[in-house]
Each structure stands twice: as structure tokens, then as C-alpha cells.
Engineer: 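One structure, as C-alpha cells, below. Some questions next.
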Amino acid sequence: MKLKFLGSGTSQGVPVIGCHCEVCTSGDPRDSRTRSSVLVTTDQNKKILIDCGPDFRFQMLQNNEDHIDAVLLTHEHNDHVIGLDDLRPLIFKNHGDMSLYCMSRVGEEVKSRFSYAFAAEIYPGAPSFQLNEINGDFTLFDAAVTPVSVMHYRLPILGFKFKRLAYITDASQIPAHEISKLQNLDYLILNCIRKEVEHPAHFILPQILDLYAQLKPKQMYLTHLSHHMGLYEVTEAELPAGLHLAYDGLELEF
């Protein structure tokens, strides 16, 4: 299987509009980050998108991707769902509804924000979705999927585990009963919004370092990064061996 980072930035993206810091003005493409999303390719070449934010169209074009078989949603915040309408050309190409997998609460939010896609009479050109509620482990195509329940401030959200890789974004706490799912991993991907100053809804670097020491994955990649993480080249060199910053376009094989 493969996982590609379509986007590795926080909700504002990097560069941030109106910011002229050294990260936002960097010429290194690894410092330019679209909103967080990944594309998982299964062993049978099925394409599973995790989250669909406002940069989805650009991300697909930038990565020369032209197919999605299903979408997993971690939660309902705009930077993770508001690009769902841009799935339309792929829905039309597939000649069928796009399957979305999410918690029931998230499904209701999708219905509310994209009500025209669920109307009794759908106008020509509207997207069409098939909502599937996540209730525990499930199999999607040829891939076994294990949901990982985490907290995003006071909001329960989901991460996802495939084989020995886990992807978690927007977490500020991992409940004790979920920790066992994240042990003995080849790859653990976690959000890290900045180096310092605690955030109520996201991990920061000192918390990440504690989790890295506790969980001991072979490799850990950080995503949902803001410009406060500093320049890629500088920060990457400061991290312990085995801990890395993700960047848009990076691909992992597992």
C-alpha cells in the first residue's frame, strides 16, 4: 500500500494570507503547505481519500491523480470537508455515487452543508454521495481499516489505521483505551501545529516528543503544520532520528 500527503498544512495553509515571515516567503516548496489530506492506494490500486478540504482540486491536479474510489472523513471542520463538491468530475466519471465513510454526526453535517446533493430532486450537475456510518473496524475494498478515536479539544474525531500505519490529524489527546492501536507501528502520522505555546485542540512539539518516546514507531511523520513550525530544512534537522516533517507530495510505502 501507499500513502501520499496531498496536503500537510493547518486550516489556514502555508503561506498564510498577509504573512511575510521567513516560512511564508520561503522558496523551498516543502514550506508551502495546502490543507491536510492524504490519498491511500491499496494493494489492488483502489484510491481512498482521507479528508477533502478546500484545496482538493488543486491537490489532485498537482499530483496528477484522476481517480477516487471512496472517502474517509476524520471530522466535519471545513478544512476537512468543504472540498467535497469538487469530487463532481470523478463522480460523473464513475457513473455512480461517491461513498463517504464517517461518524453519524459528521454525516449529518455533510447533509447540512451539501443539502443539494441529498435533495429529493437533484439538479443536473450536482454531486451524489452514499453515506456510510463508521461503527468499528471495517474492510474497504481490499484494505482492513481500524478507526482510532481521538479528541480534538472537546470534539471526538477519528484517525485511521491500515496495516502498520496510522494517520491522525487534528488531535489534542489520545484516550488511554486507544493507545494500544498505535503501538508497534512502522509509520505513525500525527498532527503538530507548532513548536511551542500550548494549543487547546492540537498537539505541539513537546507533546509529540513525549508520544514518540512512549509509542516508539519506526518512523513518525508530522502533519497539519503551521508556519510556526519554522522552516522545513531547519526544523527537520532539529528533530530526533526517525521523526520527520511531512510535506505536500511526500509518499510512503507500507
Side-chain angles (χ1 to χ4, degrees), residues 1-11 35-42 47-53 70-81 100-107 109-110 132-140 143-193 199-205 207-212 214-225 243-246 250 252 254:
M1 296 178 69
K2 296 179 181 179
L3 179 145
K4 181 184 286 187
F5 290 89
L6 298 182
S8 58
T10 189
S11 59
R35 268 60 73 93
S36 291
S37 174
V38 296
L39 184 62
V40 174
T41 304
T42 74
K47 301 283 187 175
I48 303 171
L49 178 70
I50 304 182
D51 289 339
C52 188
V71 181
L72 305 182
L73 298 176
T74 60
H75 64 297
E76 65 270 37
H77 287 167
N78 262 13
D79 56 318
H80 296 265
V81 304
L100 308 182
Y101 292 80
C102 57
M103 292 183 288
S104 60
R105 181 198 75 228
V106 178
E109 283 290 334
V110 170
N132 302 275
E133 183 178 350
I134 296 176
N135 284 306
D137 297 359
F138 62 103
T139 299
L140 186 54
V145 183
T146 300
V148 183
S149 180
V150 298
M151 296 301 297
H152 181 29
Y153 187 41
R154 297 175 181 172
L155 185 72
I157 71 170
L158 293 179
F160 298 102
K161 179 180 175 183
F162 307 84
K163 294 184 179 180
R164 293 167 66 89
L165 176 148
Y167 175 81
I168 295 172
T169 182
D170 283 42
S172 56
Q173 180 188 357
I174 303 173
H177 60 82
E178 295 292 89
I179 285 291
S180 62
K181 297 178 181 178
L182 304 178
Q183 294 173 332
N184 303 313
L185 293 176
D186 291 336
Y187 294 105
L188 175 56
I189 301 163
L190 283 177
N191 62 294
C192 183
I193 198 166
H199 193 286
H202 293 274
F203 289 129
I204 63 170
L205 187 55
Q207 296 166 322
I208 287 292
L209 293 172
D210 289 344
L211 287 167
Y212 182 57
Q214 176 187 357
L215 297 172
K216 297 180 172 60
K218 290 182 180 178
Q219 301 285 329
M220 179 184 280
Y221 283 84
L222 305 183
T223 192
H224 209 283
L225 303 161
L243 182 57
H244 309 281
L245 301 182
L250 173 66
L252 308 176
F254 62 101

Engineer: About how many Å separate CG of Leu155 and CD of Glu76, when rounded to the nearest 0.5 Å?
Structural biologist: 5.0 Å
Engineer: Roughly how far, to the nearest 0.5 Å, is CG of Leu188 from CG of Leu211?
Structural biologist: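 It comes to 8.0 Å.
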Engineer: Going by side chain to side chain donor-acceptor pair (under 3.5 Å), name the residues that satisfy it together with Thr74, two or more places apart in sequence or in a different chain.
Structural biologist: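 Expected list: Asp51.
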Engineer: Output yes when a side-chain donor or acceptor of Ser172 lies under 3.5 Å from a complementary backbone atom of Tyr153, and no otherwise.
Structural biologist: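 At least one qualifying donor-acceptor pair exists.
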Engineer: For the aromatic rings, using the six-membered ring if either is Trp, is the centroid distance between Tyr101 and Phe138 under 6.0 Å?
Structural biologist: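 Judged by ring-centre distance (under 6.0 Å), Tyr101 and Phe138 do meet the cut-off.
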Engineer: Verify side chain to side chain donor-acceptor pair (under 3.5 Å) between Asp170 and His77, making sure each step is shown before the conclusion.
Structural biologist: CA-CA 10 Å; Asp170 283 42; His77 287 167; 4.5 Å; no
Engineer: Taking C-beta and beyond as the side chain, do Leu215 and Ile179 meet within less than 4.5 Å on heavy atoms?
Structural biologist: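 Side chain of Leu215 against side chain of Ile179, heavy atoms only: contact under 4.5 Å found.
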Engineer: Would you call Ile189 and Phe5 a side-chain contact if the rule is heavy atoms closer than 4.5 Å?
Structural biologist: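 Yes, their side chains come closer than 4.5 Å.
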Engineer: Got a second to check how far Leu250's CG is from Leu6's CG, nearest 0.5 Å?
Structural biologist: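 One gets 11.0 Å once the value is rounded to the nearest 0.5 Å.
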Engineer: Give a yes or no answer on whether the side chain of Arg164 reaches the backbone of Tyr187 with a donor-acceptor pair at less than 3.5 Å.
Structural biologist: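 It does not hold such a pair.
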Engineer: Can a donor-acceptor pair be found, under 3.5 Å and without considering hydrogens, that links the side chain of Lys161 to the backbone of Lys181?
Structural biologist: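 Yes, because the side chain of Lys161 sits within donor-acceptor range (under 3.5 Å) of the backbone of Lys181.
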Engineer: Hey, could you give me the CD/CG distance between Glu178 and Leu158, rounded to the nearest 0.5 Å?
Structural biologist: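 One gets 9.0 Å once the value is rounded to the nearest 0.5 Å.
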Engineer: Any side-chain heavy atom of Phe160 sitting closer than 4.5 Å to one from Thr146?
Structural biologist: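 In short, these two side chains do not touch, never coming nearer than 4.5 Å.
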Engineer: Keeping Arg35 on the side-chain end and His224 on the backbone end, is there a donor-acceptor pair under 3.5 Å?
Structural biologist: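 No, Arg35 side chain to His224 backbone: no donor-acceptor pair under 3.5 Å.
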Engineer: Should we count NZ of Lys2 as having more than 12 external heavy atoms under 6.0 Å?
Structural biologist: no
Engineer: Would you compute the distance between atom CG of Asn191 and atom OG of Ser36 and round it to the nearest 0.5 angstrom?
Structural biologist: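 Between Asn191 CG and Ser36 OG, I get 8.0 Å after rounding to 0.5 Å.
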Engineer: Classify the angle between the aromatic ring planes of His202 and His199 as parallel (below 30°), tilted (30 to 60°) or perpendicular (above 60°).
Structural biologist: perpendicular
Engineer: Within the 4.5 Å heavy-atom criterion, are Val145 and Thr139 side-chain neighbours or not?
Structural biologist: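 They are not in contact (no side-chain heavy atoms under 4.5 Å apart), so the answer is no.
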Engineer: Who passes side chain to side chain contact (heavy atoms under 4.5 Å, CB included) against Ser11, sequence neighbours left out?
Structural biologist: Asp79
Engineer: From Ile50 CD1 over to His80 NE2, what is the distance, rounded to the nearest 0.5 angstrom?
Structural biologist: 11.5 Å
